[in-house]
2 protein chains.
Amino acid sequence: MRPRRLEPKSGCAAELTMSVIGGLWKPTILVNLLMGKKRFMELSRLIPDATQRVLTQQLRELEADGMITRQVFPEVPPRVEYSATDLARSVAPILGSLRDWGNQFRANQQRMEEMEPHCPAEEVDA
Amino acid sequence: MRPRRLEPKSGCAAELTMSVIGGLWKPTILVNLLMGKKRFMELSRLIPDATQRVLTQQLRELEADGMITRQVFPEVPPRVEYSATDLARSVAPILGSLRDWGNQFRANQQRMEEMEPHCPAEEVDA
DNA sequence: CAGAATCCTCGCGGATACTG
DNA sequence: CAGTATCCGCGAGGATTCTG
């Protein structure tokens with residue numbers, strides 16, 4: 001049996017989804033691949049903050065989960081192309097909502113933190 | 001500055017969202033609280049697999065992120081009620097899609113695994 | 001080029017015991 | 001009842017080096 005990855009301990013289906021798309025770089029990888037097939041180095045350049053090791057790792061996991069396909073060209077120098085599957089396309093809208101909500105949340109947090117210094121309401125009766 | 005939690009290293013907005021709702025028990029907690037305010041023990045009973053320590057932890061994080069409110073009643077025995085905020089209500093649909101996709105994915109995976117024993121296609125020319 | 005191998009850090013989540 | 005305090009294991013992700 002492949003322990004695969006986190007096999008979310010909570011039976012929660014939402015958790016399961018996150019275990020599939022929740023790797024640190026997986027959303028980014030998916031978004032990039034959803035825009036077209038890419039070779040390894042292209043991805044690496046597009047996501048420079050991810051180590052090659054981690055990138056490979058996440059790609060393998062996505063592949064194991066059927067989210068992407070990996071095509072190897074037996075040439076020298078070697079070439080490998082990654083592309084999104086239909087399954088990946090089916091999460092695209094979710095990725096979109098996730099991104100939108102995240103942006104709103106981020107904006108909200110910033111407004112909050114800008115306000116703090118100006119209204120120290122807790123100090124009035126301190 | 002509060003390091004809060006993972007402060008997702010990838011600037012990815014989707015990651016940010018997951019850092020907010022991605023704790024192991026957070027989706028479950030949120031779903032429960034979205035159905036109405038609950039006290040600590042109620043939640044603990046509803047999510048028996050989460051230890052009290054972790055439950056408290058996740059509740060604190062959700063509170064810090066403005067997803068829930070914590071109301072303390074100065075009585076003996078003490079009473080604390082948790083309830084979902086508007087921000088939490090705004091993620092509800094996302095939680096829904098996450099759950100739906102997870103269920104479909106799970107069903108898909110099971111079909112795949114049931115097929116494996118019956119079509120060892122890779123062995124024909126082995 | 002596309003990785004594999006190795007070693008390491010960090011923090012999530014768990015277990016258990018104790019308290020106002 | 002609703003936590004806190006302490007200790008710990010595990011796995012994700014990082015840094016670096018080597019290779020077909």
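Each chain gets a letter, A, B and so on, in the order its sequence line appears, and its residues count up from 1. Since we're looking at a predicted model, the values are computed, not measured.
- Using modelled atom types, no side-chain atom of B/Ser44 and backbone atom of B/Met41 make a donor-acceptor pair closer than 3.5 Å.
- For the pair B/Ile47 CD1 and D/dG3 P, the interatomic distance rounds to 14 Å; values are reported in whole Å.
- Contact annotation: A/Gln58 side-chain N/O to D/dG13 OP1/OP2 distance is under 4.0 Å.
- With hydrogens and angles left out, the side-chain atoms of A/Thr69 and A/Thr85 include no donor and acceptor closer than 3.5 Å.
- Rounded to whole Å, the distance from CD on B/Gln57 to P on D/dT6 is 15 Å.
- Sequence order on DNA chain C of the closest nucleotides to B/Gly22 and A/Arg70 puts A/Arg70 first from the 5' end.
- Residue A/Arg39 places at least one side-chain N or O under 4.0 Å from the OP1 or OP2 atom of C/dA2.
- Separating the CZ atom of B/Arg45 from the C1' atom of D/dC1 is a distance of 10 Å, rounded to the nearest angstrom.
- Remark on DNA chain D: of its neighbouring residues A/Pro78 and A/Val54, the 5'-side contact belongs to A/Val54, judged by nearest-heavy-atom nucleotide.
- Taking side-chain N and O atoms only, B/Arg60 has a distance below 4.0 Å to OP1 or OP2 of D/dG3.
- At C/dA2, none of the side-chain N or O atoms of A/Arg53 fall inside 4.0 Å of OP1 or OP2 (strictly under the cut-off).
- Among the atoms of the strands shown, base atoms are found under 4.0 Å from some heavy atom of A/Thr51.
- D/dG3 atom C1' lies 20 Å from atom NZ of B/Lys38, rounded to whole Å.
- Counting to the nearest Å, the C1' atom of C/dC12 and the CE atom of B/Met18 are 17 Å from each other.
- What separates CG of B/Leu59 from C1' of D/dA2 is a distance of 11 Å, to the nearest Å.
- A/Tyr82 comes within 4.0 angstrom of the backbone, heavy atoms only, and of no base.
- Between the CZ atom of A/Phe73 and the P atom of C/dG3 there is a distance of 12 Å, given to the nearest Å.
- Going from atom CD of A/Glu81 over to atom P of C/dG3 covers 12 Å, rounded to whole Å.
- No chain of hydrophobic side-chain contacts below 4.5 Å, direct or via other Ile, Leu, Val, Met, Phe, Trp or Tyr residues, connects A/Met35 to A/Val80.
- The side chain of B/Leu24 lies closest to C/dG14, out of D/dC1, C/dG14, D/dG3.
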(message) The test is side-chain contact (heavy atoms from CB on, under 4.5 Å); show your working for A/Arg39 and A/Gln71 and say whether it passes.
(response) CA-CA 9 Å; A/Arg39 14 194 327 191; A/Gln71 194 178 1; over 6 Å; no
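- Take the nearest nucleotide of DNA chain D for B/Thr56 and for A/Trp25: the residue whose nucleotide is more 5' is B/Thr56.
- B/Arg106 CZ to A/Thr17 OG1: the interatomic distance, rounded to the nearest 0.5 Å, is 8.5 Å.
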